[in-house]
Amino acid sequence: MTQPWIHKKKTDLLFILSPPFIIALIVVLFQKEITHIQNQFSFLTWLILIVCIDVAHVYSSIFKTYLVPSEFNKNKKLYLGIPAVCFVVGTIAFLIGKDFFWSLLAYIAVFHFIRQQYGFMRLYARNEIKTKFTVLFDKIVIYNATVYPMLFWFLSPDRNFTWFVKDEFLQASHPQILSYLNVVYFIIFGCYIIQQLCKFIKTKSINEPKTLLILGTYISWYLSIVYYNNELIFTAFNVISHGIPYMALVYFREVENAPSKKFSFKFSNFAGKLFGFIFVLLLLAVFEEFIWEITVWEEHIQLNQSFYIPDFWQFLWVPLLALPQFTHYVLDGFIWKNKAS
């Protein structure tokens, strides 16, 4: 079977498949130092993980949509309609309550993160000979890797990390239910390992990228949510394993070999496509987070003059600032449909 790499073996391994394995290795080797890093370098970890990766990856999808005139004109109603709907929904949610708004966004974000792993799995399975059973089993395996850790989180209120804000998920302590789910989780994982071993014995081949993608998903979601109970470990796994592969996918598929006239500006002449791609993402991410910091959070950046938005206007301001990520979560379900086949 021809290995279904998205770009090339080396680049897929480095940017899409290896992040969870690299983070796991770092966590195992430097577990004692993580608390020190979290306490002493909180601004630096926030800048690198949240701003330069998490927020930056949100904007990478514009290189497949809003910055491509032909694509934008073809789907103008979709690309204008989704942000409008997201803003209205966000505003209504915030009027119901600030906590309700962040809970809604957190659940949508979780769904988006889960679906990304499913989408990558299907991309790497596109050259396989499929049956109804293998397609169903693949779905069960990838959702087992992602949904169980989230159920563990919902049923274990003692987690020391959040997705966005405290108490964003409905939670209740149910250790007995968790024990049953735990058994199901490891049975499914065990069946997957057995299936892969039988397939290798029979065919003498294995779908390397798909296997690494699934194993990496199991590692990142289980270690970050279930095994460890540490904010920095969760953030590193969550952000890097999701953001880096997504940005790599957009760059390899939409930017690297794109003709010079594809985008709404002369991207190929902007000191190289890779530099331009990274520069635009970082510029937008830093600008957005700076606005969040001086007008809403005031946690990592404090200025002599306060720009804090009064609570009365936050029902408009917060949904507006959250619009890029809200749009990204929803729009992402549309723009890759024809790719993940």
**Report entry** Expected output: side-chain Q116 to main-chain H242 donor-acceptor under 3.5 Å
**Finding:** yes
Requested in this report: Mind running ring-ring contact (aromatic ring centres under 6.0 Å, His included) on Y246 and H328 for me, showing each step along the way?
Outcome: CA-CA 12 Å; Y246 189 91; H328 169 71; 5.1 Å; yes
**Report entry** Sequence neighbours excluded, every pair satisfying side-chain hydrogen bond (donor to acceptor under 3.5 Å, both in side chains) that has a member inside residues 277-288
**Finding:** Y59-E288, E288-W292
Query raised in the report: So, for F277 and S60, which heavy atoms are closest and what is the spacing to 0.1 Å?
Result: CZ-CB, 4.0 Å
Query - Qualifying residue for side chain to side chain contact (heavy atoms under 4.5 Å, CB included) with F189, from L215, I194, I214, V184 - result: L215
Query raised in the report: Are V85 and V318 joined in one hydrophobic group, where the rule is that I, L, V, M, F, W and Y side chains link up if heavy atoms are under 4.5 Å apart?
Result: yes
Query raised in the report: Just checking, any donor-acceptor pair under 3.5 angstrom between side chains of T45 and S42?
Result: no
Requested in this report: Give a yes or no on whether the ring-centroid distance for F161 and W153 is below 6.0 angstrom.
Outcome: yes
Requested in this report: For Y218 and V141, indicate whether the former's side chain and the latter's backbone hold a donor-acceptor pair under 3.5 Å.
Outcome: yes
Query raised in the report: Do Q117 and T217 meet the criterion of a side-chain donor-acceptor pair at a distance under 3.5 Å?
Result: yes
**Report entry** N182 and Y148 side chains, donor-acceptor separation under 3.5 Å
**Finding:** yes
Query raised in the report: Do I53 and L274 share a hydrophobic cluster (ILVMFWY, side-chain heavy atoms under 4.5 Å, transitive)?
Result: yes
**Report entry** Side-chain (K273) to main-chain (E256) donor-acceptor, under 3.5 angstrom
**Finding:** yes
Query raised in the report: Would you find a donor on one side and an acceptor on the other, under 3.5 Å apart, between the side chain of S241 and the backbone of N238?
Result: no
Report summary line: What one should report as the nearest heavy-atom pair of Y329 and I108 is CB-CG2, 3.7 Å
**Report entry** Spacing of CD1 belonging to I225 relative to CE belonging to M150, to within rounding of 0.5 Å
**Finding:** 5.0 Å
Query - In one Ile/Leu/Val/Met/Phe/Trp/Tyr side-chain cluster, 4.5 Å: F15, L25 - result: no
**Report entry** Any donor-acceptor pair under 3.5 Å from N207 side chain to K210 backbone
**Finding:** yes
Query raised in the report: Would you say S18's side chain and L13's backbone share a donor-acceptor pair under 3.5 angstrom?
Result: yes
Report task. Please name the pair of heavy atoms, one in I244 and one in P19, separated by the smallest distance, quoted to 0.1 Å. Result -> CG2-CG, 4.5 Å
Query - E71 side-chain N/O to Y66 backbone N/O, donor-acceptor pair under 3.5 Å - result: no
Query raised in the report: Is the ring centre of F94 less than 6.0 Å from the ring centre of F315?
Result: no
Report task. Begin from the C-alpha positions of D138 and R122 and carry the test salt bridge (Lys or Arg N to Asp or Glu O under 4.0 Å) through to its verdict. Result -> CA-CA 9 Å; D138 281 348; R122 288 197 51 191; over 6 Å; no
Report summary line: So the side-chain hydrogen bond (donor to acceptor under 3.5 Å, both in side chains) pairs with at least one residue in residues 159-177 (sequence neighbours excluded) are Q176-Y180
